[in-house]
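In this text the structure is predicted, and so the values were computed from the model without any measurement. Chain naming here is simple, since letters A, B, ... match the order of the sequence lines and numbering starts at 1 in each.
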Amino acid sequence: MSNVDLGRDTSLPHQELPETERIVREVEARTPAEAAARTAEHERRAAEDPVGARDPLVLNMGPHHPSTHGVLRLVTELDGEVVRDIHPVIGYLHTGIEKQCENKTFWQAITLVTRMDYLSPFFNTHAYTQSVEKLLSLDVPPRAQWIRVMLSELNRITSHLVWLGTSGLELGAISVMFYTFRERDRALDLFEMIAGERMNTRYFQVGGCAEDIPPGFEDLLRRFVDEMPSRIDEYEGLLRANPIWVERTKGIGILPAEQLIDLGVTGPPLRAAGVDLDLRKARPYSGYEHFDFSVPLGTQGDAYDRFLVRMAEMRQSVRIIEQCLDGMPEGPSIVDDRKVVLPPRGELATSMESLIHHFKLVTEGFTVPEGEAYSAVESPRGEIGCYVASDGGPKPLRVHMRDASFVNLQALRPMARGALLSDMVAMIGSLDNVMGGVDR
Amino acid sequence: MSGPRELIDAALPGAVVDLFEDAGGQLTLEVDRARLGEVARFLKGEQGGGFVLLADVTCVDILDGDGRGNRFRLAYQLFSITSGDVLRLRVWADAENPEVDSVQPVWATADWLEREVYDMFGVRFAGHPDLSRILLPFDWEGHPLRRDYPIGGENVWFSDAV
């Protein structure tokens with residue numbers, strides 16, 4: 001018989017593939033012929049099996065599916081229209097931002113983290129800069145804190161507007177998007193005015209904000225927040241009692257509050273289930289303790305409650321922005337520490353020290369004491385936390401984003417089991433995942 | 001008022017190796033690797049402070065190691081909804097055969113967070129129900145967030161799947 005030694009190491013234990021890998025490999029045909037053979041086999045078995053004992057139909061929903069909010073792939077096991085199980089496959093948008101941050105200086109990495117959750121750039125940079133400020137033991141001046149709060153809340157409104165518009169599209173309410181994107185565009189104009197960019201704003205610096213508020217900004221922002229409550233009424237008028245919207249969202253995607261907490265779900269999906277957890281209240285940061293606002297809570301925890309919670313959150317954000325505008329403190333918008341913060345541009349022509357500091361900061365960056373820090377902010381999707389570790393050099397040893405979308409997406413599987421396929425679309429929408437944040 | 005250390009020392013003697021505060025004043029407990037599961041279960045319970053929310057699991061690759069043959073430093077961020085307290089657990093994983101106990105049975109959210117650490121660092125979690133790669137393709141070689149994994153220059157990855 002065979003006497004050729006193939007060199008196979010028999011001491012290695014036979015390892016079974018982990019669940020997700022096994023299932024994804026099973027559904028992926030490597031050649032067209034293999035795919036055709038599998039389909040034929042499936043059809044043959046389906047014809048033989050008695051009704052009720054049939055194999056599930058495995059369907060790839062995504063990665064390119066308009067209702068999956070980007071590139072989410074769900075390997076779905078279907079029994080008729082009922083979802084038996086799903087296996088989320090993510091990573092299609094993975095760009096290795098955390099690895100790249102390790103190769104940049106601390107202040108260069110800010111530009112990268114904005115691009116993680118691309119609908120809430122201010123929250124990403126806020127979490128990151130707060131962590132670095134913790135490591136440096138920097139105190140951010142009050143004016144910078146207020147500006148940060150003001151822009152974060154404006155960002156919350158724009159993010160919720162995208163969610164509302166796209167969720168409407170998924171459930172057949174086409175016109176909502178025309179209205180929400182009208183207001184969102186005005187808010188993006190404000191972002192452009194203050195930060196120079198509409199989408200991936202790199203405005204928060206370590207120690208404060210890159211620039212002070214430009215002249216004329218406050219008037220435009222005030223006009224925006226004056227109008228916003230009536231606009232929110234308009235969206236609610238389109239949806240709140242809309243029979244299709246109500247039918248599609250009521251009673252959908254309910255999980256018990258304890259299970260949601262166990263799954264790490266935060267943000268509107270958790271608050272819709274009645275859990276009063278908002279980091280702005282639970283662990284106030286950036287001066288949120290000085291603002292008067294309430295945390296909207298739901299009662300049922302279904303997709304409709306998540307809609308109501310987000311609508312109410314937008315109204316609260318408007319309130320917070322108004323308080324920011326009314327009580328904006330005077331003073332510097334960034335900490336006065338020349339070892340960390342770029343000197344004012346005008347000084348470069350007159351002061352040798354400023355020129356040297358500027359040169360050093362731009363070429364080699366600032367060093368951060370050895371240690372680790374984690375700080376979290378309440379983003380439109382829940383807790384965005386940033387873990388930064390430093391080895392004492394000018395580049396981070398590790399930057400890790402705890403992204404709310406990534407963690408919240410885990411709740412989709414228990415939600416979707418036993419639900420209808422079309423309801424799963426409403427569930428994905430109601431969780432409001434941003435795949436840029438999930439995959440990073 | 002007794003801190004978490006006293007509480008754990010009373011219930012699980014010897015499980016906490018070290019305790020310190022970071023620059024932001026957050027408490028970090030360094031836990032004996034073999035006893036992570038016990039400590040996790042205790043902290044989640046009422047007596048341990050009710051840390052019901054596991055916010056984050058992440059890892060740092062310390063190439064030089066800690067001098068005891070360990071290289072991977074894991075950080076678990078805990079949050080207590082009732083008291084608002086935060087706590088970080090630190091566990092070291094071995095350089096040669098990095099493996100720690102999974103806390104997925106204690107906090108379900110650790111499922112994907114631990115898969116990400118496994119994917120990026122190659123730290124294995126014993127008792128995890130589904131330790132697949134999560135962000136990278138299944139047949140990716142290496143663990144990119146290790147400090148000895150070079151940046152750039154990786155092969156363009158094609159699949160022959162149709």
Visitor: Is A/Q100 in contact with chain B via its backbone, its side chain, both, or neither, using a 4.5 Å heavy-atom distance?
Guide: both

Visitor: Is it the side chain or the backbone of A/T266 that comes within 4.5 Å of chain B heavy atoms, both, or neither?
Guide: side chain

Visitor: Based on non-hydrogen pairs under 4.5 Å, which of B/T58, B/T28, B/L53, B/L136 is most in contact with chain A?
Guide: B/T58

Visitor: A quick test of your reading: do over 12 heavy atoms of other residues, nucleotides or ligands sit less than 6.0 Å from CD of A/E289?
Guide: yes

Visitor: Between the side chains of B/R88 and A/Y374, does any donor sit under 3.5 Å from an acceptor?
Guide: no

Visitor: Can you confirm whether B/Q47 is buried at CD, in the sense that more than 12 heavy atoms of other residues, nucleotides or ligands lie under 6.0 Å from that atom?
Guide: no

Visitor: Decide, yes or no, whether a salt bridge links B/R71 with B/E96 under the criterion of side-chain N to carboxylate O below 4.0 Å.
Guide: no

Visitor: Looking at B/K44 and A/D262, does any basic side-chain N land under 4.0 Å from a carboxylate oxygen?
Guide: yes

Visitor: Given that the side chain runs from C-beta out, which part of B/R90 has a heavy atom under 4.5 Å from chain A: side chain, backbone, both or neither?
Guide: side chain

Visitor: Check A/P18 against B/S132 and note the closest heavy-atom contact, atom names and distance.
Guide: CB-OG, 3.4 Å

Visitor: Only pairs of heavy atoms separated by less than 4.5 Å count here; which of A/H400, A/Q259, A/E258, A/H94 has the most with chain B?
Guide: A/H400

Visitor: At a heavy-atom separation under 4.5 Å, does A/P396 approach chain B through its side chain, its backbone, both, or neither?
Guide: backbone

Visitor: Does any heavy atom of chain A fall under 4.5 Å from the side chain of B/I81, the backbone, both, or neither of them?
Guide: side chain

Visitor: Please determine, by modelled atom types, if A/N60 and A/R73 share a side-chain donor-acceptor pair under 3.5 angstrom.
Guide: yes

Visitor: Chain B: which of A/E383, A/E19, A/E133, A/K134 shares the most heavy-atom pairs with it under 4.5 Å?
Guide: A/E19

Visitor: Kindly assign one of parallel, tilted or perpendicular to the pair A/F366 and A/F106, based on the angle between their ring planes and the thresholds 30° and 60°.
Guide: parallel

Visitor: Chain B heavy atoms under 4.5 Å from A/R440: which part of the residue, side chain, backbone, both or neither?
Guide: side chain

Visitor: Side chains of A/T20 and B/D130: do they bring a donor and an acceptor to under 3.5 Å?
Guide: yes

Visitor: Is it the side chain or the backbone of A/L397 that comes within 4.5 Å of chain B heavy atoms, both, or neither?
Guide: both

Visitor: Given that the side chain runs from C-beta out, which part of A/E372 has a heavy atom under 4.5 Å from chain B: side chain, backbone, both or neither?
Guide: both

Visitor: Out of B/R133, B/M120, B/H128, B/R73, return the one with the most heavy atom pairs under 4.5 angstrom to chain A.
Guide: B/R73

Visitor: Does any backbone or side-chain atom of B/D119 lie under 4.5 Å from a heavy atom of chain A? Answer side chain, backbone, both or neither.
Guide: neither

Visitor: Any salt bridge linking A/E102 with B/R147? Criterion: basic side-chain nitrogen under 4.0 Å from a carboxylate oxygen.
Guide: yes

Visitor: Given that the side chain runs from C-beta out, which part of B/L113 has a heavy atom under 4.5 Å from chain A: side chain, backbone, both or neither?
Guide: both

Visitor: Which answer fits B/I134, side chain, backbone, both or neither, if we ask what part of it has an atom under 4.5 Å from a heavy atom of chain A?
Guide: both

Visitor: May I ask you to name which of B/L54, B/I62, B/D111 has the most heavy-atom pairs under 4.5 Å with chain A?
Guide: B/D111

Visitor: Tell me, for A/D439 versus chain B, whether the close heavy atoms (under 4.5 Å) come from the side chain, the backbone, both or neither.
Guide: both

Visitor: Counting heavy-atom pairs under 4.5 Å with chain B, which one of A/V438, A/L135, A/L409, A/V407 comes out on top?
Guide: A/L409

Visitor: Could you tell me which portion of B/V86 (side chain, backbone, both or neither) has an atom closer than 4.5 angstrom to a non-hydrogen atom of chain A?
Guide: side chain

Visitor: Any side-chain heavy atom of A/L412 within less than 4.5 Å of one from A/P88?
Guide: no

Visitor: Kindly indicate whether the side chain of A/L136, heavy atoms from C-beta on, has any atom under 4.5 Å from the side chain of A/P369.
Guide: yes

Visitor: What I want to find out is whether B/D148 reaches B/R146 closely enough, with some N-O distance under 4.0 Å, to be called a salt bridge.
Guide: no

Visitor: Which one of B/D61, B/D56, B/V57 has the most heavy-atom pairs closer than 4.5 Å to chain A?
Guide: B/D56

Visitor: Taking every non-hydrogen pair under 4.5 Å, which of A/V24, A/L279, A/V89 racks up the most with chain B?
Guide: A/V24

